[in-house]
Amino acid sequence: MSAQHLQNHPEWSTRLAFILASAGSAVGLGNIWKFPYIMGENGGGAFVLIYLACLLIVATPILISEVMLGRRARSNPISGMAKLSREAGVNPGWQLIGWMGVLTGFLILSYYSVVMGWALSYVEKAADGAFVGADAETVKGLFDDLVSNPGTLLFWHTVAMLMTVVVVARGVRGGLELATRVMMPLLIVILVLLVGYNIGTSGFSTAMDFMFVPDFSKVTGETFLVALGHAFFTLSLGMGAIMVYGSYMPRGTSIVRAGLWIIVLDTAIALLAGMVIFPIVFSNGLSPQEGPGLIFQTLPLALGAMDWGYWLAIVLFVLVSIAAWTSAISLVEPAVSFLWERFGVRRLYSAIGVGVATWTLGVFSALSFNLIADAKLFDKNFFGLMEFLTANILLPAGGMMIAIFATWRMRRADSAEELGLSGVAYRLWWLPAAVIAPAGVALVFLNGLGLFG
Ligand code: PFF
């Protein structure tokens with residue numbers, strides 16, 4: 001991989017490799033950490049329903065579009081969009097999609113690395129036996145201690161960033177496929193095991209009602225915005241990450257089938273994570289609205305009370321860390337592949353450069369839980385603002401542009417050829433991607449601005 005040539009864009013070894021790597025990018029903190037906490041903050045069932053609708057109606061056609069653009073261009077998102085604009089005979093300004101993607105990846109990784117650091121520090125706590133027999137107060141205390149200590153947070157943020165830089169520097173295939181291949185099935189097994197354990201607990205049926213019986217009285221314009229943003233975030237969609245991975249995909253494999261697999265896997269893991277967290281919340285009289293600390297204040301409680309809990313806790317937090325790791329890598333890939341293909345900057349140097357810049361910005365997110373906790377804008381601290389701006393604004397906007405380009409700008413013969421679709425099957429992608437998905441994003445944006453009262 002490291003000896004790749006400009007003309008010789010790398011390729012995954014098999015179709016399964018593309019699915020594994022993309023699923024590795026998609027499945028991450030978004031599924032296990034973010035989904036439960038924003039579901040808790042947004043009232044449960046109604047949020048889940050709106051989120052699933054966003055996935056199906058908006059995100060699915062855009063995911064297929066993004067992979068298609070990547071594979072057609074066979075290059076990084078910036079040069080790739082320039083190439084595709086030329087092929088389509090349209091304004092090269094569509095490169096903006098690539099530039100926005102690189103910026104968004106940089107912004108996301110800055111705080112993603114902080115939360116990955118939390119997961120890593122919980123591996124250490126689990127190994128120390130800190131959760132064994134712990135009650136709700138102790139567990140909450142552990143999390144509060146962690147986030148109130150700038151030194152500890154920065155230490156783990158640094159470890160997370162180093163881990164990311166090392167893998168990115170080594171290239172696309174080095175270890176990444178293997179990590180995902182092992183992590184994904186194991187993660188599912190452990191989540192299912194924990195759901196099984198939860199079935200016997202007092203909060204299980206309350207949790208199922210909370211997650212699956214919608215209460216629309218809690219829904220606001222922001223609920224739609226958060227649900228839509230999360231559909232993009234959880235699929236790594238709208239910023240060129242999936243485009244880059246698509247560009248490494250061999251010709252002749254079905255984009256649609258691979259895309260659907262990723263969505264099903266990602267959604268299953270998110271729902272399982274919810275079914276693990278909320279029974280613990282309700283069995284222990286905790287609040288679903290704990291915010292970003294939710295999983296760190298709940299998982300240790302259940303694990304600490306289980307027979308094999310000591311070992312399970314270690315394995316689980318290791319898996320969460322690996323899931324975060326395989327996602328973090330993909331956040332840097334658009335920038336690194338651009339620097340290599342356009343300027344010949346070696347992966348090692350670009351990975352270090354991007355890592356240092358991202359780490360520096362991430363310091364503000366880490367400190368927004370302690371030293372600069374009071375610095376707020378729109379009632380959000382720095383971490384919250386970054387989350388909101390990237391997931392709820394930049395990703396959907398990027399996704400909308402991707403869908404518009406893929407349908408209204410590209411020649412239909414080209415998109416049909418790349419997707420390997422024709423007739424009704426082609427239209428089944430084209431219409432949702434051309435009309436429904438962009439209109440959906442536009443409506444949610446306008447609604448979020450309060451335009452519909
Ligand atoms: N999809 C990742 C998650 O759910 O944790 C986050 C993410 C990774 C978003 C890569 C965007 C991206 F390009």
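Atoms within each ligand, like the ligands themselves, are counted from 1 in listed order.
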(message) Side chains of Asn31 and Asp266: any donor to acceptor distance under 3.5 Å?
(response) yes
(message) Looking at Lys380 and Glu387, is there a salt bridge between them, counting it only when a charged N and a carboxylate O are closer than 4.0 Å?
(response) no
(message) Ring-plane angle category for His230 and Tyr51, please: parallel below 30°, perpendicular beyond 60°, tilted otherwise.
(response) tilted
(message) Side chain, backbone, both or neither: which applies to Ser236 and ligand 1 if a contact is any heavy-atom pair less than 4.0 Å apart?
(response) both
(message) Between ligand 1 and Ala26, is the shortest N or O to N or O distance under 3.5 Å?
(response) yes
(request) Quick one: look up the protein heavy atom nearest atom 1 (N) of ligand 1 and list residue, atom name and how far away it is. (result) Phe233 O, 2.8 Å
(request) Could you list the atoms of ligand 1 found under 4.0 angstrom from a heavy atom of Met239? (result) 11 (C), 12 (C), 13 (F)
(request) Would you mind checking if Arg71 and Glu66 are paired as a salt bridge, meaning a charged N to carboxylate O distance below 4.0 Å? (result) no
(message) Using a plain distance cutoff, I'd like to know if Gly30 has any nitrogen or oxygen under 3.5 Å from a nitrogen or oxygen of ligand 1.
(response) yes
(request) Identify, by atom number and element, the atoms of ligand 1 in contact range of Leu29, meaning under 4.0 Å from any of its heavy atoms. (result) 5 (O)
(message) Can you see whether Thr158 engages Trp359 through a side-chain donor-acceptor pair at a distance of less than 3.5 angstrom?
(response) yes
(message) Any heavy atom of Tyr112 closer to ligand 1 than 4.0 angstrom?
(response) yes
(request) May I ask you to check if Lys34 and Phe233 form a cation-pi contact, with NZ or CZ under 6.0 angstrom from the six-membered ring centre and within 45° of the axis? (result) yes
(message) Quick check on contacts: which atoms of ligand 1 are under 4.0 angstrom from a heavy atom of Ala241?
(response) 13 (F)
(request) State whether a side-chain donor-acceptor pair under 3.5 Å links Thr223 with Thr220. (result) yes
(request) Could you list which atoms of ligand 1 come closer than 4.0 Å to a heavy atom of Ser25? (result) 1 (N), 2 (C), 8 (C), 10 (C)
